[in-house]
Amino acid sequence: MKIFHGKAAITVNILEELHMEKKQVILKEVILEYVHNTPRIDEIGGLEHLKDWLKKRQRAFTPEARKFGLDQPKGLLVMGVSGCGKTLSVKAISSLWSLPLFRLDMNLVYSGIAGPAEEAFARALKTMDSLAPAILWIDEIESGINDKVSEGATGRILGYFLTWMQEHQSSVFVAATANRIDLLPAELLRRGRFDQIFFVDLPVEKEREDIFRIHLKKRAPGFEGFNITPLAKITKGWSGAEIEQAIISAMYEAFNEKRALSEDDLFKIFSRSVPLSTTMYEQIKKIREWAQRRAVRASVASIAAEI
């Protein structure tokens, strides 16, 4: 390839150029999107089991792994409560493994913008094969591949996807996320499709402390003087995304009054807000019950002990 011309060694800059070359190929496929500015894995609070699993596969696509006798990983499915880090975790794989990340939009697949749905889907997977090694991210997979419609384009797409996952030899790692995993076909969840299924629950107190530190460090200089522990305690049942948005709201209050952010600003926001775990209690309980015997917990501790 032209990016290697005149180069004596492979560097980080060459990898970035290679990712950009792959991005140019993707521009021709309207249902695929190149995802850039991916977060580091240490920018995600908690989820230690999931992080450990990913770190142990950091060199999974290297010749050394093949020589050792390891098969390359096929993919993982991350399901669970909305706003608790599923999307961030998938994006962080790209940074951790130094592989480009491409998002397949199932809504666009069915929109007809790229032609008949099954043809567009098949073409997208073939494009991914040509871009390997790479990560294919299918967000909210249940919205495009589910157990409610087994006929027509949806059924044919499911069949093609199952065959491709089983037989493709390219170094494409599938990272799928789902909120309603109960909608997914059993064939997609059986062993051999995904290497692992992780369940992401609401963060426990220690994880909420990490989430506060990560977002305050990013947005509020001088936060080191804050007492994080009480904030983590009063946000029991809050998701990471809800905590982040509450911090942003508190910062707007402080900014409007032309002063620095204070702990009181945060306490006020949390005291007058209701988390998703309260308004969607029954649905979250159902997701938890489904995952109890079918998925690996992404976090070390369980929020169930707190709630």
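A chain of hydrophobic side-chain contacts below 4.5 Å, direct or via other Ile, Leu, Val, Met, Phe, Trp or Tyr residues, connects L32 to W164. I269 and I234 fall into different hydrophobic clusters, where Ile, Leu, Val, Met, Phe, Trp and Tyr residues are linked whenever their side-chain heavy atoms come under 4.5 Å apart, directly or through other members. Placement of L261 and Y252 in two distinct hydrophobic clusters is found when ILVMFWY residues are connected by side-chain heavy-atom separations under 4.5 Å, directly or transitively. If you chain together hydrophobic residues whose side chains sit under 4.5 Å apart, I214 and I44 never meet in one group.
Of the possible polar contacts, none joining the E33 side chain to the D105 backbone as a donor-acceptor pair under 3.5 Å is found. Between the side chain of S95 and the backbone N or O of T38, at least one donor-acceptor pair lies under 3.5 Å. In terms of modelled atom types and a separation under 3.5 Å, the side chain of R294 and the main chain of L189 share no donor-acceptor contact. Not one N or O on the side chain of R288 forms a donor-acceptor pair closer than 3.5 Å with the backbone of G80. Between the side chain of S94 and the main chain of K91, no donor-acceptor pair closer than 3.5 Å is present. A donor-acceptor pair under 3.5 Å is absent between the side-chain atoms of S170 and the main chain of D129, judged by distance alone. E209 places no side-chain N or O within 3.5 Å of a backbone atom of A232 that could act as its donor or acceptor partner. Using a distance-only test at 3.5 Å, with no hydrogens or angles considered, a donor-acceptor pair links the side chain of Q169 to the main chain of E167. Formation of a donor-acceptor pair under 3.5 Å by the K74 side chain with backbone atoms of R193 is not found in this model. The backbone N or O of V81 lies less than 3.5 Å from a partner atom in the side chain of K86, making a donor-acceptor pair.
Once rounded to the nearest 0.5 Å, the distance linking CG of L276 with CD of Q283 reads 8.0 Å. Rounding to the nearest 0.5 Å gives a distance of 11.5 Å between CG of L216 and CD1 of I211. How far CG of D201 is from CE of M79: 9.5 Å, rounded to the nearest 0.5 Å. In this structure, OG1 on T279 lies 7.0 Å from CD1 on I284, to the nearest 0.5 angstrom. Residue L158 holds its CG atom at 9.0 Å from CZ of F121, rounded to the nearest 0.5 Å. Between E142 atom CD and T177 atom OG1 the span is 7.5 Å, to the nearest 0.5 Å.
Annotation for I248: atom CD1 counts as buried by contact number, over 12 foreign heavy atoms lying within 6.0 Å. Within a 6.0 Å sphere centred on CZ of F267, other residues, nucleotides and ligands contribute more than 12 heavy atoms. When the shell of 6.0 Å around CD of Q292 is examined, it contains 12 or fewer heavy atoms from other residues, nucleotides or ligands. More than 12 heavy-atom neighbours from other residues, nucleotides or ligands sit within 6.0 angstrom of CD on E257. For R59, the CZ atom is loosely surrounded, since the number of other residues' heavy atoms within 6.0 Å does not exceed 12. Residue Y160 qualifies as enclosed at atom OH: its count of foreign heavy atoms under 6.0 Å is above 12. Within 6.0 Å of NZ in K233 there are 12 or fewer heavy atoms belonging to other residues, nucleotides or ligands.
Under the side-chain contact (heavy atoms from CB on, under 4.5 Å) test applied with I181, the options L188, I197, V78 reduce to a single match, I197.
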side-chain contact (heavy atoms from CB on, under 4.5 Å) between F226 and F212, intermediate numbers included:
CA-CA 10 Å; F226 286 14; F212 270 106; over 6 Å; no

Would V30 and L108 count as a side-chain contact (heavy atoms from CB on, under 4.5 Å) here? Give the steps.
CA-CA 8 Å; V30 294; L108 289 179; 5.6 Å; no

Report the C-alpha separation of D182 and E289 in whole Å, then their side-chain angles, then the decisive distance to 0.1 Å, and conclude whether the side-chain contact (heavy atoms from CB on, under 4.5 Å) test is met.
CA-CA 11 Å; D182 56 301; E289 290 172 348; over 6 Å; no

Would you sort out whether F198 and L47 count as a side-chain contact (heavy atoms from CB on, under 4.5 Å), showing the intermediate values?
CA-CA 10 Å; F198 282 99; L47 310 184; over 6 Å; no

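Ring planes of W53 and F173: tilted class, angle from 30 to 60°. Ring geometry for W97 against F61 counts as perpendicular: the plane angle is over 60°, on a 0 to 90° scale with 30° as the lower cut.
Across all non-hydrogen atoms, the minimal contact from L96 to Q58 is O-NE2, 3.0 Å. E48 and V300 make their closest contact through CB-CG2, 3.6 Å (heavy atoms, listed as atom of the first residue, atom of the second, distance). For N179 against I287, the heavy-atom pair with the smallest separation is O-CD1, 3.5 Å. Of all heavy-atom pairs spanning A120 and I31, the tightest one is O-CD1, 3.3 Å. Pairing each heavy atom of S239 with each of C84, the nearest pair is CB-SG, 3.7 Å. Closest non-hydrogen pair, R259 versus S262, comes out as NH1-OG, 4.1 Å.
Salt bridge absent: D264 and K268 never bring a charged side-chain N and a carboxylate O closer than 4.0 Å. A salt bridge links E253 to R272: at least one charged side-chain nitrogen sits closer than 4.0 Å to a carboxylate oxygen. With respect to D52 and K55, no salt bridge is recorded, no charged nitrogen being found less than 4.0 Å from a carboxylate O.
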